[in-house]
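One structure is given below, encoded as structure tokens.
Atom set for the values below is all heavy atoms of this structure, side chains included, hydrogens, waters and symmetry mates excluded. Every number for a ligand or one of its atoms is a count from 1 in the order of the listing. Every value quoted in this text rests on a predicted model; they were computed, and no experiment measured them. The residues of the chain are indexed from 1 along the displayed sequence.
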Amino acid sequence: MDKVLILDTTLRDGEQSPGASMNMEEKLIVARQLARLGVDIIEAGFAYSSPGDFESVKKIAAEVEGPIISSLARAKPEDIDSAAEALKGAPRVRIHTFISTSDIHLKYQFKMTREEALRRAVDMVERARGYVKDVEFSPMDASRSEPEYLYEVLTAVIKAGATTLNIPDTVGYALPESFGALIAGIKKNVPDIEKAVISVHCHNDLGLATANSLAAVINGARQVECTINGIGERAGNAALEELVMILKTHSEALGLDTNITTEQIYPSSRLVSGITGVSVQHNKAIVGENAFAHESGIHQDGLLKDSSTYEIMRPESVGLARSTLVMGKHSGRHAFGERIKELGYDISTEDLQKAFLRFKLVADKKKEVFDEDIEAIVQDEIMRIDDTEDYKLLTLDVRSGTETHPVATVEMEVRGEKVRESVAGDGPVDAAYRTIKKITNTRSKLLKYSVNAITGGTDAQGEVTVRLEEGDIIALGQGAHTDIIVASAKAYVNALNRLEYRKRHSRANLIP
Ligand code: KIV
Ligand code: ZN
């Protein structure tokens with residue numbers, strides 16, 4: 001079997017999904033999970049783009065064992081130097097530099113001639129090689145570049161020392177057949193191509209990211225860049241879980257394989273959607289809620305007789321071995337810890353204790369505690385870290401009813417100082433939000449508010465997601481609780497803290 005390397009860019013391109021920003025601790029949690037998943041390379045961030053990204057790349061490179069850790073860098077000396085500085089001292093590192101090669105980008109955005117872009121690419125690959133042995137080069141917008149010029153640039157950067165050549169379909173324009181042919185053309189027309197690994201990086205604007213990546217692999221690409229749940233810029237990137245399960249399901253026919261521990265796919269998907277707040281569509285291949293749900297009577301009948309009748313993969317193979325009823329208020333810490341491990345979370349003893357106490361509270365209120373409840377507890381209590389400590393919700397009391405005008409009384413800590421206010425609203429959530437807004441004296445606009453019942457029943461935990469906007473900064477917040485007004489307030493405060501963080505650390509608006 002020939003190996004296809006998996007480069008995961010959830011922490012870089014994935015983070016470019018609107019509202020999906022993660023802070024450093026969250027990135028570290030995701031990076032550790034990616035290592036458990038067995039990805040070959042983690043693109044940990046874009047070191048030069050912001051102090052936050054720099055620190056995240058540095059911390060991940062220093063602390064996460066297993067995968068190669070890569071930082072993105074424009075083809076500019078300051079970017080290469082910053083990537084090298086962030087990766088310094090770490091055992092397995094890569095610098096990934098890029099510049100566009102399409103005439104559209106060169107003319108309108110870079111304002112460069114083809115010759116200037118080629119020279120810059122070579123110089124920056126050489127500069128990166130001065131720091132590290134492993135250098136990836138991407139000709140951005142490759143799928144809309146003239147193939148002859150693309151071959152020339154690739155030939156030159158191989159000479160300059162590039163070890164991976166990544167061919168991006170930056171705007172998701174390519175068709176599988178032509179993208180496959182482009183890779184075949186590169187293999188045929190670029191001298192010394194065997195000195196580098198051919199990689200692909202496909203966007204999903206036409207829903208073809210996975211198909212295009214597969215076509216590339218069939219034509220000789222041996223690295224695929226993808227993200228968990230396919231998150232990423234605009235319509236996202238190729239979804240890791242799709243590519244990996246295609247290669248596994250058809251491994252014999254394709255003669256290809258990956259290093260991924262597929263049983264970690266589902267836990268990774270849940271972790272990333274929990275941390276970023278970007279939910280997975282129900283019918284999403286591999287990790288969607290319905291991906292292994294059989295509704296039709298004929299299908300159910302077939303499945304009961306033999307699962308191969310209607311299942312091309314076993315749910316267990318992607319880590320979906322879920323028990324329906326898990327635990328209740330009599331369950332002990334040991335069993336709770338074991339269940340958390342089975343769900344794919346690796347948490348410290350201290351965090352386990354925190355989660356267990358919260359579990360006991362939930363179990364007191366709910367008759368049955370399901371896997372989804374436990375995931376919500378872990379994500380709300382441990383994984384969802386407020387980016388700043390600017391705002392803390394202390395108490396919330398809301399009155400409402402058919403004969404009562406809703407009023408909320410909220411006590412918060414605002415940058416260390418206790419503040420209490422009461423404000424009326426159109427409903428209990430509105431009253432709570434108006435009060436929080438008054439206390440925090442913030443001006444953000446609420447773009448989205450949604451409540452999701454984590455499991456069935458009136459005692460279910462509610463998971464609230466809010467999206468706030470201030471200027472050009474967007475932040476998501478989440479909160480879970482058996483009381484949806486409390487969950488709503490927690491989500492709002494979480495989003496406000498994220499917004500503050502983003503205001504201080506937002507990625508610079510970099511001109512290529
Ligand atoms: O989509 C793209 O072209 C990119 C590059 C930086 C690789 O993300
Ligand atoms: Zn991209």
Original post:
Does the N or O separation between H201 and ligand 1 drop below 3.5 Å for any pair?
Top reply: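 Min N/O separation from ligand 1 is below 3.5 Å for H201.
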Does this structure show an ion pair linking [X] with [Y], if we count only N-O contacts that are shorter than 4.0 Å?
X	Y	result
D192	K159	no
E55	K58	no
E241	K284	yes

Subject >> Main-chain N/O of K490 paired with N494 side-chain donor or acceptor, under 3.5 Å >> reply: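 The answer is no, because no donor-acceptor pair under 3.5 Å joins these two groups.
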**OP:** Could you tell me whether the side chain of S100 and the main chain of H105 form a donor-acceptor pair under 3.5 Å?
**Re:**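 No: the side chain of S100 does not pair with the backbone of H105.
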Original post:
Any N/O/S of E225 under 2.8 Å from the Zn ion (ligand 2)?
Top reply: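 No - counting backbone and side chain alike, E225 has no N, O or S atom under 2.8 Å.
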For ligand 1, which atoms have a heavy atom of [X] less than 4.0 angstrom away?
X	answer
D13	8 (O)
H203	1 (O)
T170	1 (O), 2 (C), 3 (O)

Original post:
Does R12 come within less than 4.0 Å of ligand 1, judged by its heavy atoms?
Top reply: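 The answer is yes: ligand 1 sits under 4.0 Å from a heavy atom of R12.
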Subject >> Y433 and Y449 aromatic ring geometry - parallel, tilted or perpendicular at 30°/60° bounds >> reply: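 Geometry flag for Y433 against Y449: perpendicular rings.
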Subject >> Plane angle bin for F46 and F98 - parallel if under 30°, tilted between 30 and 60°, otherwise perpendicular >> reply: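 Aromatic pair F98/F46 classed perpendicular.
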Original post:
Heavy-atom contacts under 4.0 Å between T9 and ligand 1: side chain, backbone, both, or neither?
Top reply: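 No part of T9 comes within reach of ligand 1.
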Original post:
So which of the N, O or S atoms of D13 lies nearest the Zn ion (ligand 2)?
Top reply: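 For D13, the N/O/S atom sitting closest to the Zn ion (ligand 2) is OD2.
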**OP:** Quick one: the NE2 of H201, the Zn ion (ligand 2), NE2 of H203 angle, rounded to 10°, please.
**Re:**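 Value, to the nearest 10 degrees: 100°.
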